[in-house]
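One structure below.
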Amino acid sequence: MTPEDTPGWHVQLWSQPDGHHAELVATAPLGEDLVRVAAGEHGQWALAPSLFGAGTDTADRRAMGERLFMATFRGEVARRWSVERAAATPAHPVRVRLDVASPVLRALPWELVREGTQWLYRRDELIWSRGPMRGPEPAPPAEHGPLRVLVVVCSPDDPQFRADDEIAHIEAALAGINGLAHTEVLDGPSRYRLAETIDDLRPHVLHVIGHGMPRPGTGGAALHFNWMRPNRHPVDHPEPWELMAEHVDELSMKWKPRLVVLNACRTAGDPMEVIGGLAAAFLDSGVRAVVSMQADIDSPAAVIFSSALYRAIADSCRIDKAVALARRAIALQVADTDCWALPVLDLTHPPGCVLPRSFVADPHLVADVRARRGYADLRRFLDRSTERRTAWWTLDPPMEPEPVREPGRSLLVIGGSADPKTRSGKTWLVYWSLLACFLRGNRVTYVDLSSPVAYGDPTRRAVAGGVKDWTTALRMIRDACQDPRQPEPLPCKAFYGFNAVLNALLRGAAPPTADIGEPVRDEGLGFDDDVSRPDGRKAEIFATFFDALAAVSPDRLHVIALDNVHRIMEGAFDDVFYPLFLGPVAARRHRGLRVVVTGQNEWLDNHLPSGDHHLCQRIEVGGFAAGDYMRLARDYCRRNGLAFERLEILFQKIQELLYGGGYAPVTSFDEIKAMATRLGLDGLRT
């Protein structure tokens, strides 16, 4: 809708097939009602906040939608619109971009536009967004996942918000694509902490849960942070502050999110605010798309919107389609309010270019791997956002548009409790890290050193839970690399040469010098230290193993995870396995190899050389912090289909009685679920 050289305003209808330049196909004068609005003569035209406020009903909003349609779709524009719409189907929808030149006209609730008896924004064959029309532009380079999502809660102590519920729905939606998305939550940050986190995490999506309150004297909205700061924790809760439109560009100097979701009231702009509102400020700062609210939205509707939006994003929907599906979810679940029309989607890029992401791994193989044991369980992997990011960025840090940090370390050490009955989630963290690396195009191998094995003499068999010597540990790594249960097992022939060298050196004989083209079976011999050159033979065995790994894919990163490394004999680990295997990896002598080891904290402290601590990244996982317990309980219930509201009192009592001042075991939620099953409460599903 633009002013022409002739008096008055005009509506232009453009057509732009994918990959082509836009073509003007129809023009018609703008209806007099809207011309008067553009001139500042509002008359009885209502803006969004009043249309969705107290004292209005669906009839008022229907009348507004019909007036918008009649004033816009006129003459030749109406005729061509009828042709385009008749050809649209849900399977082949028409994408409609609304570009309104006048700031006053932009403030009207266009999402209510109504043709006859139909809300156009709720039609399956029409997918709407706002933003300027542009010529075709190449899609920006796709970024290898996982998709990074930062959820910011403006005032975590505000009882009006259901922030924990909304976070649980977002987490549950993205958990369905385990490994493909990474979510972190930031509660009530200061201005500096918010900017620091955006630059540190570099989120693709910034999701804000809060309230946009009018700024005195302007009518424009500002996001209020920590405005209900409790007195009991003055250190943990920063002073209240406001995020205004003019400050948005200062939030991040290094990184701009691709998508900003302002799930907060009145953030879509206001005609009284010259700057154009928070949404416009984010767009002007370089964000590709903003979803904002043009009036007050109740928390239940906000939760429904977020849940549906991220389910659609998880399904790789374009952002305009994702918002359309979220509108539908609100319309189906919240009756008689028309709050489905509150979300506004503004774009500066084509919808398919907002969140371009790709995964190097074959999609069919990805689906197969995610369904396998170990990886499939990741859907229930709660929290650990900091640990997940540290692990992933240690092994294979993101590189767009520049590395997030110095090249990652080659050795990642994950420690946990020494009590076998107290699980800490080490193995889940390992599997998540492996899946993230695999999706980014790397080869990954999981090795459980607590598994039973048998080589050669039955009297030397290592039983489940027993310890292994260094030859057994090395053989377990080799066998795991070839195991068909791995995402991409290495071919058996990759280790023909290694097996031949291993057999010879274990006997004390000279290793073969010619290439081995025929299958060679491991004879299962043990290492005899009394035979000549024991140290040299050991070093040659490990060197040959490294060569075998490197020869398979020299230009591809290989991540090997050694779970329960404390199952290696102490002397074998200290004298052989660390100095000949883990030490060279940590020193980056084998640049195509990354290794993850997990073990008991005390064991790791005693056996990792203190002089090498700077070469590895150490992570420790334990119980869940008591302060996060209720939020995680909601998340657990969403992921497991339990009705949190009916179990909330039980969770609260357990938190108060058992974990009030410390940490909750990671098994506590499963124990409550088992208790609910015994009591016949497992049928209480959402």
Side-chain angles (χ1 to χ4, degrees), residues 409-413 443 445-447 449 453 455-456 460 462 467-482 490 492-513 515-516 520-554 557-597 599 607-609 611-612 615-616:
R409 294 188 176 99
S410 296
L411 180 60
L412 172 66
V413 180
R443 190 185 300 277
T445 301
Y446 174 79
V447 188
L449 292 172
V453 293
Y455 292 109
R460 299 179 59 253
V467 294
K468 281 80 175 173
D469 60 20
W470 66 266
T471 60
T472 301
L474 190 61
R475 283 163 163 153
M476 292 180 73
I477 299 172
R478 175 203 60 193
D479 293 350
C481 288
Q482 306 170 80
L490 295 178
C492 294
K493 65 181 181 180
F495 295 101
Y496 289 168
F498 169 74
N499 289 342
V501 170
L502 180 67
N503 291 335
L505 291 176
L506 288 177
R507 290 195 304 268
T513 57
D515 291 338
I516 306 297
V520 177
R521 182 178 62 86
D522 181 352
E523 297 173 358
L525 302 173
F527 190 88
D528 190 347
D529 280 285
D530 294 330
V531 179
S532 64
R533 294 191 319 109
D535 292 340
R537 288 186 292 127
K538 293 173 185 176
E540 193 167 353
I541 288 172
F542 280 92
T544 305
F545 184 75
F546 283 126
D547 290 342
L549 292 177
V552 177
S553 49
L557 196 67
H558 189 169
V559 182
I560 298 176
L562 306 180
D563 205 359
N564 299 304
V565 73
H566 56 275
R567 295 300 185 189
I568 299 177
M569 296 176 180
E570 294 185 355
F573 182 89
D574 296 340
D575 299 335
V576 181
F577 195 79
Y578 186 87
L580 295 180
F581 187 80
L582 296 181
V585 170
R588 302 185 68 84
R589 296 176 196 162
H590 305 279
R591 294 193 174 274
L593 186 62
R594 303 286 187 271
V595 174
V596 185
V597 298
H607 295 283
L608 291 178
D612 285 359
L615 297 176
C616 66

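What you see below is based on every heavy atom in this structure, not just the backbone, and it leaves out hydrogens, waters and symmetry mates. When a residue number appears, it is its place in the shown sequence, counting from 1. Given the structure is predicted, the values throughout are model-derived calculations rather than measurements.
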Subject >> Atom pair CG/CG of L490 and D479 - distance to nearest 0.5 Å >> reply: 11.5 Å
Original post:
Is there side-chain contact between S410 and V595, with heavy atoms separated by less than 4.5 Å?
Top reply: no
**OP:** Starting from the C-alpha separation in whole Å, work towards a yes-or-no answer on side-chain contact (heavy atoms from CB on, under 4.5 Å) for L615 and L411.
**Re:** CA-CA 7 Å; L615 297 176; L411 180 60; over 6 Å; no
Subject >> Side-chain (R443) to main-chain (C481) donor-acceptor, under 3.5 angstrom >> reply: no
**OP:** Answer yes or no: is there a side-chain heavy-atom contact under 4.5 Å between F573 and L608?
**Re:** yes
Original post:
What pair of heavy atoms forms the shortest contact from V520 to N499, and how long is it?
Top reply: O-ND2, 3.0 Å
Subject >> Side-chain heavy atoms of Y578 within contact of V597, under 4.5 Å >> reply: no
Original post:
Which atom names give the shortest non-hydrogen contact between A473 and F577, and what distance separates them?
Top reply: CB-CE1, 4.0 Å
**OP:** State whether the side chain of D529 and the backbone N or O of P534 hold a donor-acceptor pair below 3.5 Å, judged by distance alone.
**Re:** no
**OP:** Start with the C-alpha gap between F498 and D547, add the side-chain angles, then the distance that decides, and say whether side-chain contact (heavy atoms from CB on, under 4.5 Å) holds.
**Re:** CA-CA 9 Å; F498 169 74; D547 290 342; over 6 Å; no
Original post:
D522 versus N503: any side-chain heavy-atom pair under 4.5 Å?
Top reply: yes
Original post:
Closest heavy-atom contact between L449 and N564?
Top reply: CB-O, 3.5 Å
**OP:** Please test R478 against L502 for side-chain contact (heavy atoms from CB on, under 4.5 Å), starting from the C-alpha separation and ending with a verdict.
**Re:** CA-CA 12 Å; R478 175 203 60 193; L502 180 67; 4.1 Å; yes
Original post:
Would a 4.5 Å heavy-atom cut-off, applied to side chains only, mark F542 and P584 as touching?
Top reply: no
**OP:** Compare all side-chain heavy atoms of R588 with those of R594 and state whether any distance is below 4.5 angstrom.
**Re:** yes
Original post:
Residues in ring pair (Phe, Tyr, Trp, His ring centres under 6.0 Å) with H566, at least two apart?
Top reply: none
Subject >> Distance in Å, C616 SG paired with R409 CZ, rounded so as to fall on 0.5 Å steps >> reply: 7.5 Å
Subject >> Distance in Å, I568 CD1 paired with L582 CG, rounded so as to fall on 0.5 Å steps >> reply: 7.0 Å
**OP:** Determine whether the side chains of T445 and H558 contain a donor N or O and an acceptor N or O closer than 3.5 Å.
**Re:** yes
Original post:
Which heavy atom of V552 sits nearest a heavy atom of A548, and at what distance?
Top reply: CG2-O, 3.4 Å
**OP:** State yes or no: are the ring centers of F581 and W470 separated by less than 6.0 Å?
**Re:** no
**OP:** Heavy atoms only: give me the nearest P511-A504 pair and the separation to one decimal.
**Re:** CA-CB, 3.9 Å
Original post:
Looking at OH of Y446 and CG of L562, how far apart are the two atoms once the value is rounded to the nearest 0.5 Å?
Top reply: 10.0 Å
Original post:
In terms of side-chain heavy atoms, does D469 have a donor or acceptor partner in T472 at a distance below 3.5 Å?
Top reply: yes
**OP:** Check whether any side-chain heavy atom of I541 sits under 4.5 Å from a side-chain heavy atom of L506, and report yes or no.
**Re:** yes
**OP:** Would you check if the side chain of D612 reaches a backbone N or O of A587 as a donor-acceptor pair within less than 3.5 Å?
**Re:** no
Subject >> Heavy-atom side-chain contact between R507 and L525 under 4.5 Å >> reply: yes
**OP:** Say whether, by atom type as modelled, one donor and one acceptor occur between the side chain of R537 and the main chain of L505 under 3.5 angstrom.
**Re:** yes
